[in-house]
Amino acid sequence: MEAIRQEIARTVRRILLERFGEAPERVAVEYPPQPGMGDLASPVAFEMARRLRRAPRDIARELAAAFPPLPGVAGVASGGAGYLNVSLDRAAAARALAREVASPAPPSDGEKIIVEHTNINPNKAAHIGHLRNAVLGDTLARCLRFSGRRVEVQNYIDDTGVQVADLVIGFRDILRGGVEEAKAVGDRFDQFCWDLYARVTEMYTAFPEKLALRPPVLKALEEGHGEIAALGAYLTRRIVNCHLDTMARIGVRYDLLPWERDVLAFRFWETTFALLKERRAITLVAEGERQGCWVMALEGRRFADLKEGEKILVRSDGTVTYVGKDIAYQMWKFGLLPADFRYEPFRDEPDGHRVWTTTRRPGASPRPAFGGGARVYNVIDVRQAYLQAIVVEGLRSLGHREQAERSTHFSYEMVALTPKSAETLGLPLNEEDRGRPYLEMSGRRGLGIKADDLLDALEKEALREVTWRAPDLDPREAAALGRDIAVGALRYLMIKYTRNKVLAFDFDEALSFEGESGPYLQYAVVRARGIFEKMAAAGGPDEAEAARLARAAEFNLPAGEGAEEHWALLMQIARFRETVAQALETLELSQIAKYAFALAQKFNSFYHKYPVMKEPDARWKTARVVLTHLFLAQMRHAFALMGIPVPARM
RNA sequence: GCGCCUGUAGCUCAGGGGACAGAGCAACGGCCUUCUAAGCCGUGGGUCAGGGGUUCGAAUCCCUUCAGGCGCGCCA
């Protein structure tokens with residue numbers, strides 16, 4: 001569809017230049033809102049009207065008259081107050097679409113793209129905010145791969161920060177324990193830590209002097225040896241495994257886990273620090289409050305509110321701030337550091353996918369090449385926009401302008417709780433809280449919905465629906481269906497909103513499997529497949545035969561409303577790839593969700609109105625078999641991008 | 001205070017120069033001897049926050065006011 005749109009735009013532009021001597025740089029070709037206005041349309045005559053001092057309608061008429069025969073185009077006419085309406089050759093369009101849906105994914109090659117996402121502090125269980133991050137990041141990676149890009153997914157583990165330090169303090173100073181006591185904790189270790197971490201925060205509130213415990217623990221974690229570091233290493237590794245388990249439930253995979261302690265151990269920071277000093281991008285503060293700190297001066301409106309116009313990269317005690325380490329990490333991602341990590345397998349997922357980790361041990365060989373990306377997407381919520389801007393500014397100040405421009409902060413708004421959801425969790429709310437549109441979650445206070453709890457609730461609800469509909473189903477099969485439906489519901493929920501909108505989480509909405517939801521889309525697909533199952537069993541065309549019919553489609557249906565509805569479904573199916581391309585361009589993945597939903601709606605309506613298997617007229621039947629096949633094939637592609645499973649039945 | 005984001009139907013949200021502003025939920029009324037009712041069809045519901053401007057054309061772009069959120073740490 002994209003090819004023909006561009007061809008029409010080029011042709012219109014050429015005619016304009018030939019006949020009027022001028023034309024806009026870009027000729028818009030859009031989809032008309034109503035049937036009867038053609039399949040594609042351009043409002044270019046309106047734009048030209050003023051420049052040419054002529055009525056738009058006249059210009060559109062002249063354009064239509066001058067339009068040459070074009071492969072794939074059946075007719076051109078002027079319409080409305082001056083639109084140029086183009087009708088397509090339907091048979092050709094159907095055949096082209098049949099080839100497109102059957103074409104294999106392009107090989108992933110060329111420049112490497114690094115997508116960093118998830119990045120949960122390894123001191124507690126993942127919550128629903130982390131799910132939004134992981135689903136967006138994973139969907140982005142899938143879309144990039146679908147469009148032929150080579151992608152490496154990294155999940156950065158910040159194991160030397162304050163949050164981990166506080167968890168270590170929880171084990172050491174509240175539980176009076178160490179590695180052995182931690183090992184004794186049973187299942188759901190991350191949830192145990194969730195509660196313990198909240199207790200540490202309570203301790204600081206009650207006894208502020210306890211905050212003095214923190215700096216030495218931080219320092220020990222950074223230095224990476226001794227008992228504290230050993231405890232930290234045990235806790236973080238075990239929690240990261242919990243996070244990977246959680247994410248595996250919704251089909252999210254990683255290629256590499258870079259650990260912050262290794263950014264330090266392999267002297268990435270020291271190297272970057274030296275470069276920054278050499279470039280005079282940072283200075284040592286000689287006096288005042290910040291005496292002894294290394295700071296980066298930042299100019300421009302974006303940074304106008306920064307205290308002193310500077311950002312501290314090295315604290316007066318010599319430890320590095322998060323931003324400092326992140327600049328070094330970003331440098332490595334682009335292959336701009338002379339050093340590299342060492343690597344070893346972290347674990348193998350049940351599907352055989354191997355997750356690698358950075359390591360201070362000798363490292364494994366052979367191994368894939370990591371880092372050295374040509375473009376980097378950092379999937380991080382909008383509250384860190386400031387820090388991300390500083391990281392990019394760091395690259396720029398080191399002279400890496402191009403890499404700075406190829407660094408993209410894929411930002412999205414946070415997930416919050418509706419007051420109703422918060423009360424369901426048993427949180428005490430005052431009048432002001434109840435009046436708010438949403439309440440922010442807080443890992444520090446243990447306030448939020450854990451990812452595994454939400455997934456459990458979704459699976460339970462889905463299983464209830466499954467067994468209600470099919471009481472005799474084998475329990476294992478029912479459980480598998482429940483999982484598929486839960487994943488579909490969750491992933492659709494997480495991408496259906498535009499990214500710059502706060503997602504106010506509501507239990508009732510999340511647990512609803514009707515209307516604009518993942519299960520609605522899954523149901524449409526299952527129904528389409530059901531048609532082929534029934535037909536194949538009755539000796540009719542199966543999916544492979546339908547694909548052959550589609551490649552030879554004639555699509556010459558008796559003119560009328562029915563034909564237009566069939567055609568409208570085909571047009572919607574055809575818009576998939578341009579939707580994906582646009583989603584990648586704008587980084588607005590919700591467009592894919594909205595597209596798939598609209599397509600499922602059209603199909604459900606079609607399904608209800610037009611029998612496929614039992615249609616006696618061969619022309620209609622073939623057209624419907626072809627449409628059902630095209631719908632199913634395209635939806636499978638869309639599901640693969642969104643990570644939504646196709647349940648065996650519903 | 002400064003910066004960023006948001007304001008569209010009762011609620012949650014699409015649409016971000018182009019043809020009469022859309023969807024889901026909720027409400028109401030229909031449709032299961034016909035490929036699965038997690039579905040389909042229909043009804044009602046709008047000062048696109050307010051004001052000014054640009055344009056042949058503005059929910060969309062610009063200015064401004066109001067309301068809400070987030071950010072501005074030797075936390076991340």
Side-chain angles (χ1 to χ4, degrees), chain A residues 28 30 32-34 37 41-44 46-47 49-50 55-56 79-83 119 121 158 161-163 165-166 214-215 218 285 289-290 292-295 301-307 311-317 319 321-323 325-326 380-387 389 411 413-414 416 418 436-438 440 444 462 465-466 468-470 485 496-498 500-504 506 508-509 512-520 522-524 526-528 530-535 538 590-591 593-594 597-598 601 604-605 607-615 624 628 649-650:
Chain A
E30 14 187 86
Q34 293 274 315
M37 298 170 169
S42 178
V44 71
F46 293 100
E47 204 176 335
R50 194 166 54 121
Y83 284 91
N119 300 12
N121 273 310
D158 177 8
V162 169
Q163 301 216 22
D166 283 350
R214 199 187 262 166
L218 264 175
V285 179
E289 233 180 15
R290 298 178 160 195
C293 293
W294 285 89
V295 299
R301 240 165 51 127
R302 261 202 88 84
F303 303 108
D305 49 348
L306 250 189
K307 206 172 160 188
K311 177 70 197 173
I312 293 171
L313 298 191
V314 181
R315 306 184 185 101
S316 52
D317 69 355
T319 54
T321 60
Y322 170 80
V323 195
K325 286 177 272 198
D326 219 26
I380 308 177
D381 85 62
V382 70
R383 289 172 295 186
Q384 292 199 42
Y386 213 76
L387 282 302
S411 79
E413 263 289 0
M414 63 175 168
T418 58
R436 289 176 186 275
Y438 53 81
E440 201 172 338
R444 223 164 256 291
E465 294 277 340
V466 167
W468 179 75
R469 274 159 233 269
I485 292 164
K496 78 169 181 177
Y497 295 102
T498 44
N500 54 8
K501 220 131 202 175
V502 174
L503 198 167
D506 181 80
D508 293 339
E509 194 204 341
S512 165
F513 298 156
E514 292 167 11
E516 195 191 342
S517 68
Y520 177 95
Q522 291 173 314
Y523 189 58
V526 167
R527 281 172 135 187
I531 292 175
F532 284 116
E533 278 167 17
K534 278 256 163 86
M535 276 196 302
S590 61
Q591 290 178 1
K594 295 286 174 191
F597 173 63
Q601 267 183 319
N604 270 336
S605 189
Y607 177 93
H608 178 259
K609 198 165 174 182
Y610 301 109
V612 179
M613 190 163 84
K614 290 169 187 163
E615 170 58 45
R624 289 174 198 166
T628 304
R649 52 177 291 183
M650 281 181 84

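Keep in mind the model is a prediction, meaning the values are calculated, not measured. The sequence lines fix the lettering, A, B, ..., with proteins before strands; numbering per chain opens at 1. Both backbone and side-chain heavy atoms feed into the values below; hydrogens, waters and symmetry mates do not.
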Exercise. What do you reckon, do Y438(A) and the base of G69(B) stack, with centroid distance below 5.5 Å and planes below 30°?
Worked result: no

Exercise. Is the backbone of A504(A) close enough, under 3.5 Å, to the side chain of T418(A) for a donor and an acceptor to pair up by distance?
Worked result: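 Here the side-chain-to-backbone pair does not exist.
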
Exercise. Taking the side chain from S316(A) and the backbone from G292(A), do they hold a donor-acceptor pair closer than 3.5 Å?
Worked result: no

[N] pairs with which nucleotide, Watson-Crick or G-U wobble, both distances below 3.5 Å?
N      : value
C25(B) : G10(B)
G39(B) : C31(B)
U60(B) : none
G16(B) : none
G3(B)  : C70(B)
U55(B) : none

With the side chain of [X] defined as its heavy atoms from C-beta on, choose the nearest nucleotide among [options].
X       : options                : result
R527(A) : U12(B), C75(B), U36(B) : U36(B)
H608(A) : G73(B), G7(B), G39(B)  : G39(B)
K594(A) : C13(B), A76(B), C70(B) : C13(B)
K534(A) : C35(B), C74(B), C40(B) : C35(B)
R383(A) : A76(B), U8(B), G71(B)  : G71(B)
E514(A) : G39(B), C20(B), A76(B) : G39(B)
I312(A) : C74(B), A76(B), G39(B) : C74(B)
R649(A) : U36(B), A19(B), U12(B) : U36(B)
R444(A) : A19(B), G24(B), C75(B) : C75(B)
K614(A) : U6(B), C35(B), U36(B)  : C35(B)

Exercise. With N119(A), which residues qualify under side chain to side chain contact (heavy atoms under 4.5 Å, CB included), at least two apart?
Worked result: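 Counting only residues at least two positions away or on another chain, N119(A) forms a side chain to side chain contact (heavy atoms under 4.5 Å, CB included) with E116(A), N155(A), Y156(A).
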
For this session: May I ask you to check whether F513(A) and Y520(A) place their ring centres under 6.0 Å from each other?
Result: no

Under 4.0 Å, heavy atoms only, any strand: does [X] hit a base, just the sugar-phosphate, or nothing?
X       : result
Q163(A) : nothing
V314(A) : nothing
E440(A) : sugar-phosphate
Y520(A) : sugar-phosphate
V285(A) : nothing
A524(A) : nothing
R436(A) : sugar-phosphate
Q601(A) : sugar-phosphate
P32(A)  : base
V162(A) : sugar-phosphate

Integer-rounded Å distance: [N] [atom2] and [X] [atom1]:
X       : N      : atom1 : atom2 : value
E30(A)  : G17(B) : CD    : C1'   : 10 Å
E413(A) : G69(B) : CD    : C1'   : 7 Å
M535(A) : C35(B) : CE    : C1'   : 8 Å
Y607(A) : C32(B) : OH    : P     : 16 Å
E47(A)  : G57(B) : CD    : P     : 14 Å
D317(A) : C75(B) : CG    : P     : 8 Å
D506(A) : C11(B) : CG    : C1'   : 10 Å
E509(A) : C11(B) : CD    : C1'   : 10 Å

Distance between the [atom1] atoms of [N] and [M], in whole angstroms?
N      : M      : atom1 : result
C4(B)  : U65(B) : P     : 14 Å
C63(B) : G24(B) : C1'   : 36 Å
A26(B) : U43(B) : C1'   : 14 Å
C66(B) : U12(B) : P     : 24 Å
G7(B)  : C56(B) : C1'   : 29 Å
G3(B)  : G51(B) : C1'   : 25 Å
U60(B) : U54(B) : P     : 15 Å
U8(B)  : G29(B) : P     : 29 Å

Do any side-chain nitrogens or oxygens of [X] fall under 4.0 Å of OP1 or OP2 in [N]?
X       : N      : value
K496(A) : A23(B) : no
R315(A) : A76(B) : yes
S605(A) : C41(B) : yes

I'd like to know if [X] pairs up with [Y] as an ion pair, taking the criterion as any Lys NZ or Arg NE/NH1/NH2 lying under 4.0 Å from an Asp or Glu carboxylate oxygen.
X       : Y       : result
K609(A) : E615(A) : no
D317(A) : R315(A) : no
R527(A) : E533(A) : no

Problem set entry | Side chain proximity check, V162(A) to L218(A), heavy atoms < 4.5 angstrom |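 Side-chain contact under 4.5 Å: yes.
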
For this session: Report the C-alpha separation of R383(A) and E413(A) in whole Å, then their side-chain angles, then the decisive distance to 0.1 Å, and conclude whether the salt bridge (charged side-chain N to carboxylate O under 4.0 Å, His left out) test is met.
Result: CA-CA 8 Å; R383(A) 289 172 295 186; E413(A) 263 289 0; over 6 Å; no

Exercise. If you find the nucleotide of RNA chain B closest to V466(A) and the one closest to S42(A), which residue's nucleotide is nearer the 5' end?
Worked result: S42(A)

Exercise. Does R214(A) or V323(A) map to a spot on RNA chain B nearer the 5' end, using the closest nucleotide for each?
Worked result: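 It is R214(A) whose nearest nucleotide is closer to the 5' end.
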
Problem set entry | Donor/acceptor link under 3.5 angstrom from S316(A) side chain onto base of C74(B) | yes

Exercise. About how many Å separate CD1 of I312(A) and CH2 of W294(A), when rounded to the nearest 0.5 Å?
Worked result: 13.5 Å

Exercise. What is the glycosidic conformation of C32(B): syn, defined as within 90° of 0, or anti?
Worked result: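 Base orientation: syn.
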
